Amino acid sequence: MKPIFRHFIGAAMVAAALPAMAQGVNSGYFMDYYTYSHQLNPAFQGSDKGYVGFPGLGNINVGAHGNFHVSDVVRYNNGRTMLFTNPSISVSEAMKNFKNNNKIGAGAKIGIIDFGFKAFGGYNTIGINAVAQADVSVPKSLFSLMKEGVGNETYDISDVRADAVGYAEIALNHSRQIKQVPGLRVGASVKFLVGIAAIQAKFNEAYLQLDQNSWNAVTDAEIYSMVKGFRYDTDYNEHTNRNYVSGANIDDFSAPNGFGLAFDLGGEYKWKDFTFSFALLDLGFISFSDTYKASTMGRRSVRTDAYTFQVSGEGSSDEWDRIRDDFSELYQMEDCGNIGSHTYGLKATMNIGVAYELPVYRKIKFGLLNSTRFAGPMTATEFRLSANWQPFKLFSANINGVAGTYGAGFGWMLNLHAPGFNMFLGMDHTLGKLAKQGIPLNSNADVFLGINFPF
C-alpha cells in the first residue's frame, strides 16, 4: 500500500524541491544598503545606485520554522536516541512541550535574475524568482494518541492541515518620494506568477472512540492536489464495499499548471530621528488548471482494529512507517478525479516597523519590527528588536533578538557594500544544539546570502 500520508509528504516535496518562498530577510529590514530590502517593504530603496544580481546567487534565502522543538520528538535518554513514543519516557515528560496547535514549515526563495535602476522619478527593480513553501499544522491530541495508544477512551484530532506551493514570479517594483509630503516614501510591486504545483490538505474532523479491540471514528477530510500528471492510488475496503484513496503517484509531471497575480504595497515616513514603516506583501492568488481532489464526501464513520501505538524498546526506527500506514486508513477518502481549475490564495504578510537613529552617533540605529504571516491555522507572528551599526560606508552589520509564534531566538547580518561589489550573509534564526547529543534545540533556522554588483 502507498499511504495517503506519503502522498502528503510527496506532494509537499514536489513543491519544496522547486526553489522557494520565504518572503524576505527580516534581519535586514532596518539594514542600510541591503539591496533586497524592497522585498520586505516595496517603499524601501536598498541601494543608492543601480545594481545587477549575480545570476542564481544574487539572493538566496532558505529556512525552516516550527513552534515545537525537534528534541521534543527525538529524545536522548540513558545514552540512546529514541522517539518520544518510547515507553521509557513518561507521558507527562513526553507531552509537556507540545502546543495545542503545533506548526512546522520550510521554504526558500532564490533570485534567478534581478537588477535595479533609477528612472521614472524613483527607484525600480525587476526580478525573476523561484519560490516555494510547505507548512503543516497538527493538534496536540495527535501526539497524545501516538504516545498513549489506547490509554484514553476518546481523542479529538481535528484540524490537521498541510499546505505546499511552488511557483516562479516576475516582480516589478517602483518606489518614490512624495514631494508634497516631506519625509514620505511609497512603493508598490506587481508580481506575475507561474504556478508549478501545490497541495492543500484539510483534515477537518476526526473523533475517535477507542477500546482494546477496535476503534470507531468519525472523519471529515479533503485534499486538493494541483499537480499535472498526478493520480491517486486506491485500495478496496471489504467492510464498506468501496474503493478508498491509499496513496498517490505522479506519472508525467509537467509545468506550468497555473498563472496568477500578486501585489506588494508599502510606505515609510521619516520624522526627526524616527522612521515609521508599513507593508502588505503577497496580496494575490494562483489559478491552477489541473486539480485532483480526494474527499470523505462529508462526515464518514470508520471502524477498524488495525491500530496500536506502543513502541517496544528497539522498535522506534519503524514506528513512523507504521503510524503513517495506520492513519492512511483512518481517513478513507474517495477519488473525485480531475475537477479542473482551483484558486490557491497566497499567504499575505504584514510588516510594521519603527526605527530610531541615535542623534549623537548616527552610525547606530535601533529598530522594532512586527511581522505577521496570515495563513489560517498556520498564521504566525514575530517581534524583532535589532541594533544596526555602520562603522564606515563600506560595511554594516546588525544583531537582533526575536520572539513570537515560533519561540525566542536571535539573528544577525553582515553586509559588505564596496564600490562595484556587494555581498551579504546572515541568519534570521540561529540554530542551537544540545552540547553533547548534537540534536537541534528547535525547528527554526534561516540562512540567507547574496552577491550583486552596483553600478
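Please read all numbers here as calculations on a predicted model, not as lab measurements.
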So R384 and S27, do their side chains get closer than 4.5 Å, heavy atoms only? yes
List the steps, then state whether ring pair (Phe, Tyr, Trp, His ring centres under 6.0 Å) holds for F143 with F98. CA-CA 8 Å; F143 294 100; F98 290 113; 4.2 Å; yes
Residues G66 and Y406: closest non-hydrogen pair is C-CD2, 3.2 Å
T234 and Y244, any side-chain heavy atoms less than 4.5 Å apart: no
Judged by atom type as modelled, is there a donor-acceptor pair below 3.5 Å linking the side chain of T379 to the main-chain atoms of A375? yes
Quick one: side-chain hydrogen bond (donor to acceptor under 3.5 Å, both in side chains) partners of T291, sequence neighbours excluded? none
Between the side chain of K99 and the main-chain N/O of N67, is any donor-acceptor distance below 3.5 Å? yes
With no hydrogens and no angle check, just 3.5 Å: does a side-chain donor-acceptor pair link D156 and S141? no
Assess the side chains of N249 and D233: does a donor N or O sit below 3.5 Å from an acceptor N or O? yes
Out of curiosity, N173 CG to N124 CG, how far, rounded to the nearest 0.5 Å? 8.0 Å
List the steps and the verdict of side-chain contact (heavy atoms from CB on, under 4.5 Å) for T275 and Y269. CA-CA 6 Å; T275 301; Y269 178 70; over 6 Å; no
Mind checking whether C336 and M297 have side chains closer than 4.5 Å, heavy atoms only? yes
Is there a side-chain contact (heavy atoms from CB on, under 4.5 Å) between M427 and W412? Walk through the geometry before answering. CA-CA 6 Å; M427 299 183 72; W412 55 273; 3.8 Å; yes
What I'd like to find out is whether the side chain of L346 reaches to under 4.5 Å of the side chain of L283, using heavy atoms alone. no
When you measure from the side chain of Q133 to the backbone N and O of A106, does any donor-acceptor pair fall under 3.5 Å? yes
Going by an N to O cut-off under 4.0 Å, is there a salt bridge joining R300 and E334? yes
Do F44 and E268 make a side-chain contact, defined as non-hydrogen atoms from C-beta onward lying under 4.5 Å apart? yes
Would the distance check show the side chain of S158 and the main-chain N or O of A206 forming a donor-acceptor pair, the cut-off being under 3.5 Å? yes
Check the orientation of Y51 and Y36. Use parallel for under 30°, tilted for 30 to 60°, and perpendicular for over 60°. perpendicular
First locate atom CD1 of I128, then atom CD of E169, and finally report the distance between them rounded to the nearest 0.5 Å. 10.0 Å
What is the ring orientation for F288 with Y344, classed by angle as parallel under 30°, tilted 30 to 60°, or perpendicular over 60°? perpendicular
Determine the minimum heavy-atom distance between F84 and A94, stating which atoms define it. O-CB, 3.8 Å
Criterion side chain to side chain donor-acceptor pair (under 3.5 Å) on N422 and N452, from CA distance to verdict: CA-CA 5 Å; N422 172 241; N452 54 81; 3.0 Å; yes
State the CE-CD1 distance between M423 and I451, to the nearest 0.5 angstrom. 5.0 Å
Just say parallel, tilted or perpendicular for the rings of F424 and Y34, cut-offs at 30° and 60°. perpendicular
Evaluate the criterion side-chain contact (heavy atoms from CB on, under 4.5 Å) for residue pair N351 and N370; output intermediate values, then yes/no. CA-CA 6 Å; N351 289 332; N370 172 240; over 6 Å; no
CA sep, side-chain torsions, deciding dist, call: N59, Q39, side chain to side chain donor-acceptor pair (under 3.5 Å): CA-CA 11 Å; N59 184 29; Q39 293 186 356; 3.2 Å; yes
In short, H174 meets A119 closest at the heavy-atom pair CE1-O, 4.0 Å
Are H342 and Y224 close enough that their ring centres sit under 6.0 Å apart? yes
More than 12 heavy atoms of other groups within 6.0 Å of F276 CZ: yes
What distance do F259 atom CZ and L193 atom CG have between them, rounded to the nearest 0.5 Å? 10.5 Å
So with a 6.0 Å cut-off around CZ of F278, is the heavy-atom count from everything else above 12? yes
Flag the pair I223 / I199 as yes when at least one side-chain heavy-atom distance between them is below 4.5 Å, and no otherwise. yes
If you compare all heavy atoms of L40 against all heavy atoms of N26, which two are closest, and at what distance to 0.1 Å? CD2-OD1, 3.5 Å
Heavy-atom donor-acceptor pair, S289 side chain to N257 backbone, under 3.5 Å: yes
Atom pair CG/CD1 of N129 and I170 - distance to nearest 0.5 Å: 10.0 Å
Using the rule given for side chain to side chain donor-acceptor pair (under 3.5 Å), can you reason through D446 versus H429, listing the C-alpha separation, both sets of side-chain angles and the distance that settles it, and then say yes or no? CA-CA 5 Å; D446 299 90; H429 297 86; 2.7 Å; yes
Do side-chain atoms of T296 reach the backbone of A221 as a donor and acceptor pair under 3.5 angstrom? yes
Is the shortest side-chain N to carboxylate O distance from D282 to R373 below 4.0 Å? no
Between R176 (side chain) and A43 (backbone), is there a donor-acceptor pair under 3.5 Å? no
Any side-chain to backbone donor/acceptor pair from S137 onto M378? Under 3.5 Å, distance only. no
Please evaluate residues D159 and R161 with respect to the criterion salt bridge (charged side-chain N to carboxylate O under 4.0 Å, His left out), reporting the C-alpha separation (whole Å), side-chain torsions for both, the decisive distance (0.1 Å), and the verdict. CA-CA 6 Å; D159 293 326; R161 296 286 188 270; 3.7 Å; yes
Within-4.5 Å side-chain heavy-atom neighbours: S189 and L281: no
Shortest non-hydrogen separation from D135 to G105 and the atoms involved: OD1-CA, 3.8 Å
Could you walk me through whether L280 and D264 pass side-chain contact (heavy atoms from CB on, under 4.5 Å), step by step? CA-CA 6 Å; L280 288 173; D264 296 346; over 6 Å; no
Roughly how far, to the nearest 0.5 Å, is the CG atom of N101 from the NZ atom of K140? 12.5 Å
Run Y232 and S225 through side chain to side chain donor-acceptor pair (under 3.5 Å) and show every step you take. CA-CA 10 Å; Y232 291 108; S225 300; 3.2 Å; yes
When you look at CE of M350, are more than 12 heavy atoms from neighbouring residues, nucleotides or ligands closer to it than 6.0 Å? yes
Between G258 and I286 the two heavy atoms that sit nearest each other are C-CG2, 4.1 Å
Taking C-beta and beyond as the side chain, do F383 and V402 meet within less than 4.5 Å on heavy atoms? no
Derivation of the salt bridge (charged side-chain N to carboxylate O under 4.0 Å, His left out) call for R231 and D251: CA-CA 8 Å; R231 66 175 173 84; D251 293 329; 2.8 Å; yes
